[in-house]
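Read through the structure below, which is laid out as structure tokens, and then see the notes.
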Amino acid sequence: MFAAPTKVLGANRSLHCVFDNGGALVARRCCHCCKAPGQERPRDAPPPLPLSCRGARPARRLLQGFTCRAAGKDRSAVAGVASGADEALVRLVLGDETELTMQELSRGFCNSVHLVTRPPGDEAIVVKLYSDLSLLRTEPNQRGVIDRSASEAGLGPLVLASVDEGIAHSFFQGRVLEEDDLHTRADVGEAVARLVADFHSLQVPPEFDANKPLLWKWLERMLDAISASNNVDALPDSVSLQALRREVDRMAAAVRSAEELGLLQTVLGHGDLKPTNIMLVSGESNPTVEVKLIDLELAGPNYRGFDLMKLFRTNSQTFSDERFTAFLSEYCKATTGLICSESMVSEIKAETQLFEPLTWLEAAVFFALVVSLGPNSGGPGASGGSSRWVELLEDRWEKYLAQRWMVEHHLGDLRRLRGRAN
């Protein structure tokens, strides 16, 4: 494997390509600059979608079929590149060419996660490589910024390195939470409430516009990517692109009108605050529960109700209103420093519940994007066909349609609780 440098951007950071021994492009930094012996990017090539060219990308993740010419051969970017692509990117993140061992912990739509050790005797670290579906929703200058904020506040793992391609951080011993933990364990619910309240209380970094919730940018970018794909016809008849856009516009109008009335709070949100993005690190037998946040690549200014509802959204058999209310009471106490009245908790509850349809709509748009990208989506099992993703799309869409009435209903509750006119 060899690297072909091109130009230096400053701060000792070079743009370069990484090729395997056969001359195939494995990873690259910026396709506009990437050049190696015998390789050129055609001048008339169309500009890439936002899902590409945001740092060194494995060839299997290039979504426009960009063809590289290296060592006199044409090689198209296709799925199934060997694991050497991930190793090359891990080394780019770490800035390290020493011997290392890698174990893949997980691979999803938003990242692939590797446990990395470097002998002799170094502690294991976690390296997360961002996928194109993650890069689509983030900006280069914002990646890793909030991970560092959470790290410095003691709310997440220690950040060791952060570049456009991914992030390296300390490894937590423990397990991720499950939905049942939040709906059955009071000790876990209280600890998570304090953790989330502390995170929501952090200042939004200057790299973000604190007054613009990220939810709408995500939805618009995903819809635009679906529209620009060559496979939009793969969407089922029951969930058209037009229907998705119509409902996003409808929800945006309702939520933004509530913002104008001062009914909603925008905070430093996690963005994907599901139970599996919280680690229980204190051990099962420890009477003091300690939890930490992980997977912060989508974090930024967002609606606090969206974050809180994603955490407690589950099926009717698992959901516990008692635990949900107790969680919100502890969250309110940790946020305000006061013992919150029943009315204060009811306000946060209504603000949270009105976002439940939005959590399903966001998921529906996401899976519509996955379906439209087909095997190029880069997610787990992407090469095995799209039937699973179509089923998930239809499931999330049906849940959204069944619950969209809740937005106006809970907005009415908020107006009443806060004494605002309709």
Side-chain angles (χ1 to χ4, degrees), residues 146-147 149-158 170 172-203 264-296 298-299 302-356 359 410 413-414 417:
I146 296 175
D147 296 82
S149 295
S151 174
E152 292 166 2
L155 306 178
L158 176 65
S170 58
F172 282 140
Q173 293 284 355
R175 68 170 177 87
V176 297
L177 294 185
E178 300 174 353
E179 289 181 354
D180 282 351
D181 291 320
L182 290 164
H183 294 273
T184 60
R185 292 185 56 177
D187 56 346
V188 169
E190 290 175 2
V192 172
R194 292 189 292 269
L195 174 74
V196 175
D198 287 345
F199 182 72
H200 283 178
S201 298
L202 294 179
Q203 185 175 2
L264 306 177
Q265 283 198 25
T266 297
V267 298
L268 181 63
H270 183 286
D272 193 20
L273 192 61
K274 53 192 178 186
T276 52
N277 282 337
I278 298 176
M279 288 282 297
L280 177 65
V281 299
S282 53
E284 298 291 348
S285 60
N286 193 322
T288 302
V289 173
E290 183 181 2
V291 286
K292 300 289 185 181
L293 294 169
I294 59 173
D295 289 355
L296 289 154
L298 296 179
N302 229 326
Y303 303 106
R304 71 171 180 179
F306 183 79
D307 250 13
L308 298 176
M309 195 65 244
K310 263 206 162 183
L311 186 59
F312 265 83
R313 185 191 70 186
T314 187
N315 58 65
S316 58
Q317 291 75 33
T318 301
F319 181 77
S320 167
D321 187 69
E322 179 184 1
R323 294 268 60 83
F324 181 43
T325 304
F327 169 89
L328 293 177
S329 180
E330 185 67 24
Y331 172 87
C332 181
K333 177 183 175 182
T335 300
T336 63
L338 304 172
I339 301 297
C340 295
S341 66
E342 183 177 336
S343 176
M344 294 170 68
V345 176
S346 295
E347 287 182 26
I348 299 176
K349 191 173 186 178
E351 181 184 348
T352 299
Q353 289 176 312
L354 76 85
F355 278 99
E356 183 166 3
T359 67
H410 291 298
D413 289 343
L414 269 179
L417 288 165

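Interatomic distance, Ile339 CD1 to Ser329 OG, rounded to the nearest 0.5 Å: 7.5 Å. With values rounded to the nearest 0.5 angstrom, Thr336 atom OG1 is found 5.0 Å from Met344 atom CE. Considering CD of Glu351 and CZ of Arg304, their distance stands at 4.0 Å, rounded to 0.5 Å. The line from CE of Met279 to OG of Ser282 is 10.5 Å long, rounded to the nearest 0.5 Å. Here the OH atom belonging to Tyr303 is positioned 10.0 Å from the CG atom belonging to Leu354, to the nearest 0.5 angstrom. From Arg313, atom CZ reaches atom OG1 of Thr352 across 14.0 Å, with rounding to the nearest 0.5 Å.
A donor-acceptor pair under 3.5 Å links the side-chain atoms of Ser346 to the main chain of Glu342, judged by distance alone. Not one N or O on the side chain of Asp272 forms a donor-acceptor pair closer than 3.5 Å with the backbone of Leu298.
Between Phe355 and Phe306, the ring planes are perpendicular. Angles over 60° get that label, and only those under 30° would be called parallel.
Of all heavy-atom pairs between Lys292 and Leu195, the closest is C-CD2, 3.9 Å. Pairing each heavy atom of Leu414 with each of Glu347, the nearest pair is CD2-O, 3.4 Å. Nearest heavy atoms, Leu417 versus Ser343: CD2-OG, 4.5 Å. Scanning all heavy atoms of the two residues, the minimum distance from Pro275 to Leu182 falls at CG-CD1, 3.8 Å. Heavy-atom minimum distance, Lys310 versus Gly271: NZ-O, 3.8 Å. Smallest separation of non-hydrogen atoms from Leu158 and Ser151: CA-OG, 3.3 Å.
Val192 is not listed as a side-chain neighbour of Val289, based on a closest heavy-atom distance of 4.5 Å or more. Taking 4.5 Å as the limit, every side-chain heavy atom of Asp307 sits out of range of all side-chain heavy atoms of Asn302. No side-chain heavy atom of Leu273 sits under 4.5 Å from any side-chain heavy atom of Phe199. In this structure, the side chains of Gln353 and Asp413 stay at 4.5 Å or more apart for every pair of heavy atoms. Contact annotation: the side chain of Thr335 never approaches that of Ile348 to less than 4.5 Å [non-hydrogen atoms, C-beta and beyond]. Side-chain contact between Leu296 and His270 is present, with at least one heavy-atom pair separated by less than 4.5 Å.
Under a 4.0 Å N-O distance rule, the pair Asp295/Lys274 does not qualify as a salt bridge.
Just one residue in the list Leu311, Val176, Asp181, Ile294 forms a side chain to side chain contact (heavy atoms under 4.5 Å, CB included) with Ile278, and that residue is Leu311.
Evaluation of the salt bridge (charged side-chain N to carboxylate O under 4.0 Å, His left out) test over residues 322-336, restricted to residues two or more places apart or in two chains, returns Arg194-Glu330.
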task = For the pair Thr318 and Glu178, evaluate side-chain contact (heavy atoms from CB on, under 4.5 Å) and give the outcome as yes or no after the intermediate values.
result = CA-CA 11 Å; Thr318 301; Glu178 300 174 353; over 6 Å; no
key: Verdict with supporting geometry, Glu179 and Thr314, side chain to side chain donor-acceptor pair (under 3.5 Å)   = CA-CA 7 Å; Glu179 289 181 354; Thr314 187; 2.6 Å; yes
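Phe312 has its ring centre less than 6.0 Å from the ring centre of His183.
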